[in-house]
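Only a predicted model underlies this, so the values are computations on that prediction, with no experimental measurement involved. Residue indices begin at 1 and follow the sequence shown. Heavy atoms only: backbone and side chains are in, while hydrogens, waters and symmetry mates are out.
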Amino acid sequence: MKLMEDTVVIELNELTKRYGDFTAVDGLSLTLRKGEVFGLLGPNGAGKTTTILMMLGLTERTEGEARICGFDPARSALQVKRRVGYMPDDLGFYEDRTGLDNLVYTARLNGIGREAATLRAKALLEKVGLASSARAKVGTYSRGMRQRLGLADVLIKNPEVIILDEPTLGIDPEGVRELLALISDLSRNEGITVLLSSHQLQQVQQICDRVGLFVKGRLIACGDLATLSRELNQEVSVDVELAVRPWTDELADRLRGLDGVRALSAEVWKSDDTAVGTTLVTLRCDRDVTSAIAAEVIRNGAELHYIRRKEFGLDDIYHRYFEKREEG
């Protein structure tokens with residue numbers, strides 16, 4: 001993971017939004033630093049877009065505080081908008097104008113002179129891979145091209161922060177890969193802070209330094225993947241995976257009888273000829289008993305090809321935390 005600067009760019013404290021008896025965002029506290037790529041993850045309707053609108057000063061908060069680039073969006077919305085680029089999930093462009101025209105228009109609205117606006121627009125179209133389509137009308141652009149143009153559009157005013165709401169929605173896999181690479185490059189090479197709102201877990205996992213899991217208006221977990229995985233391992237069962245040869249009923253019974261082991265499953269390894277007779281085993285445990293499992297295998301005279309404590313991927317982490325939330 002790259003090192004972020006200590007400068008705090010986004011600070012939310014108990015941010016809350018209610019619509020009558022319905023609470024869309026419930027006491028959200030979050031801090032983002034300069035150059036960080038943060039993924040706000042949650043299902044549709046979780047409150048992600050409402051959070052973004054409060055951060056931009058586009059909807060009033062019910063309670064709590066927000067500071068974006070040092071400004072309160074409720075009192076200094078224009079100052080925030082000068083420093084933050086926002087790309088909604090539904091992009092709006094002038095369909096009968098070219099990509100270049102649309103970017104120049106946005107630049108002019110942000111007080112950039114025409115000549116400088118044209119130069120910057122052309123440079124950004126090159127950066128996002130649309131230079132060859134700069135003079136084509138936006139109405140002819142594919143969804144992926146529109147998303148690239150949207151990224152150029154939020155960058156035209158040299159923002160300190162960009163907020164992307166479901167940026168990969170409706171894009172083909174290759175387009176997703178290229179767009180995520182662009183976003184990662186902006187953070188790494190230009191120090192732009194990125195808040196990416198999405199329900200696409202695997203995509204977010206590829207580029208985010210940290211993620212926040214957002215369910216029913218509440219942030220139920222926040223951190224990098226390694227931290228979330230460790231925290232989850234401390235609270236739920238631990239899976240230990242190993243490959244052994246030979247696998248016998250006696251060894252299976254001994255492993256099942258170890259203190260802390262709750263369940264065992266085994267399957268024959270089918271990867272290649274060199275692994276003939278090797279069995280893949282997964283043990284679900286109350287705690288980390290990897291050392292005891294390894295000792296028991298060796299004590300029984302079996303070959304231990306590998307053993308590891310399974311780390312949770314983002315999909316596992318999200319669903320485990322979601323289950324905990326529902327149970328609570």
Side-chain angles (χ1 to χ4, degrees), residues 1-12 30-41 48-49 51-58 66-71 73 76-89 91 102-103 106-107 109-112 116-117 119-131 146-168 171 175-198 200 203-212 222 224:
M1 182 188 302
K2 66 178 184 294
L3 296 175
M4 270 79 68
E5 295 186 15
D6 291 334
T7 305
V8 173
V9 177
I10 294 175
E11 188 170 14
L12 311 179
L30 181 66
T31 299
L32 272 64
R33 289 176 169 77
K34 181 177 175 59
E36 182 173 12
V37 181
F38 186 89
L40 191 59
L41 279 171
K48 303 187 300 296
T49 299
T51 298
I52 291 171
L53 295 179
M54 285 191 286
M55 290 170 59
L56 294 170
L58 297 175
R67 304 289 289 185
I68 313 298
C69 301
F71 296 93
S76 306
L78 288 178
Q79 294 290 349
V80 171
K81 289 171 184 174
R82 289 191 183 105
R83 292 163 175 80
V84 179
Y86 172 48
M87 189 170 86
D89 60 345
L91 297 169
N102 273 273
L103 289 189
T106 299
L109 289 177
N110 282 276
I112 302 174
L119 289 174
R120 177 150 179 79
K122 288 180 178 179
L124 285 171
L125 287 167
E126 180 73 35
K127 177 182 283 290
V128 301
L130 288 177
R146 292 173 67 91
Q147 294 298 90
R148 288 165 177 266
L149 184 62
L151 190 55
D153 191 70
V154 301
L155 293 171
I156 198 75
K157 59 184 175 181
N158 287 313
E160 298 176 38
V161 178
I162 58 174
I163 299 176
L164 310 174
D165 197 353
E166 299 287 0
T168 61
I171 307 179
V176 168
R177 186 191 67 78
E178 293 174 353
L179 186 64
L180 292 179
L182 284 169
I183 294 169
S184 180
D185 178 72
L186 290 170
S187 171
R188 183 174 58 252
N189 296 328
E190 300 188 26
I192 296 176
T193 304
V194 181
L195 174 62
L196 192 158
S197 166
S198 179
Q200 303 289 338
Q203 295 172 8
V204 169
Q205 183 171 357
Q206 295 176 38
I207 64 169
C208 289
D209 302 300
R210 290 190 301 146
V211 296
C222 182
D224 59 50

> Do the side chains of R210 and C222 get nearer than 4.5 Å, heavy atoms only?
Replying inline: yes
> Is the backbone N or O of V128 less than 3.5 Å from a side-chain atom of R148, with the two atoms forming a donor-acceptor pair by type?
Replying inline: yes
> Between L124 and A152, what is the shortest heavy-atom contact and its length?
Replying inline: CD1-O, 3.5 Å
>> If the condition is side chain to side chain donor-acceptor pair (under 3.5 Å), which residues does D165 pass it with, not counting sequence neighbours?
In response: T49, S197
> For M54 and L12, what are the C-alpha separation, side-chain angles and deciding distance, and is it a side-chain contact (heavy atoms from CB on, under 4.5 Å)?
Replying inline: CA-CA 10 Å; M54 285 191 286; L12 311 179; over 6 Å; no
>> Working to the nearest 0.5 angstrom, can you tell me the gap between N158 CG and R120 CZ?
In response: 3.5 Å
> Which one of L40, L164, V37, I162 satisfies the side-chain contact (heavy atoms from CB on, under 4.5 Å) criterion with L195?
Replying inline: L40
>> Please report the interatomic distance CG(L186) to CD1(I192), rounded to the nearest 0.5 Å.
In response: 5.0 Å
> Which value, rounded to the nearest 0.5 Å, describes the distance between T31 atom OG1 and E11 atom CD?
Replying inline: 4.5 Å
> So which heavy atom on E126 is nearest to which on A131, and how close?
Replying inline: OE1-CB, 3.3 Å
> How long is the span from the CD atom in E160 to the OG1 atom in T193, to the nearest 0.5 Å?
Replying inline: 8.0 Å
> Is the number of heavy atoms from other residues, nucleotides or ligands within 6.0 Å of NZ (K122) greater than 12?
Replying inline: no
>> Go through it in stages, so that I can follow the logic: the residues are I10 and F38, the test is side-chain contact (heavy atoms from CB on, under 4.5 Å), and I'd like the CA-CA distance, side-chain angles, deciding distance and then a yes or no.
In response: CA-CA 11 Å; I10 294 175; F38 186 89; over 6 Å; no
> Are the side chains of V8 and R67 in touch, meaning some heavy atoms are under 4.5 Å apart?
Replying inline: no
>> Donor-acceptor pair, distance only, cut-off 3.5 Å: does the side chain of S187 make one with the backbone of G35?
In response: yes
>> Given 3.5 Å as the limit, does a donor-acceptor pair link the side chain of Q147 with the main chain of P167, or not?
In response: yes
> Would you find a donor on one side and an acceptor on the other, under 3.5 Å apart, between the side chain of T106 and the backbone of N102?
Replying inline: yes
>> Rounded to the nearest 0.5 Å, what separates atom CD1 in I112 from atom CD1 in I156?
In response: 5.5 Å
>> Run V194 and I207 through side-chain contact (heavy atoms from CB on, under 4.5 Å) and show every step you take.
In response: CA-CA 10 Å; V194 181; I207 64 169; over 6 Å; no
> When rounded to the nearest 0.5 angstrom, what distance separates CG in D153 from CZ in R146?
Replying inline: 11.0 Å
Sequence neighbours excluded and cut-off under 3.5 Å, please list the side-chain donor-acceptor pairs for residues 77-85, or say none.
unit_1, atom_1, unit_2, atom_2, d
Q79, OE1, R83, NH1, 2.7
R83, NH1, Q79, O, 2.9

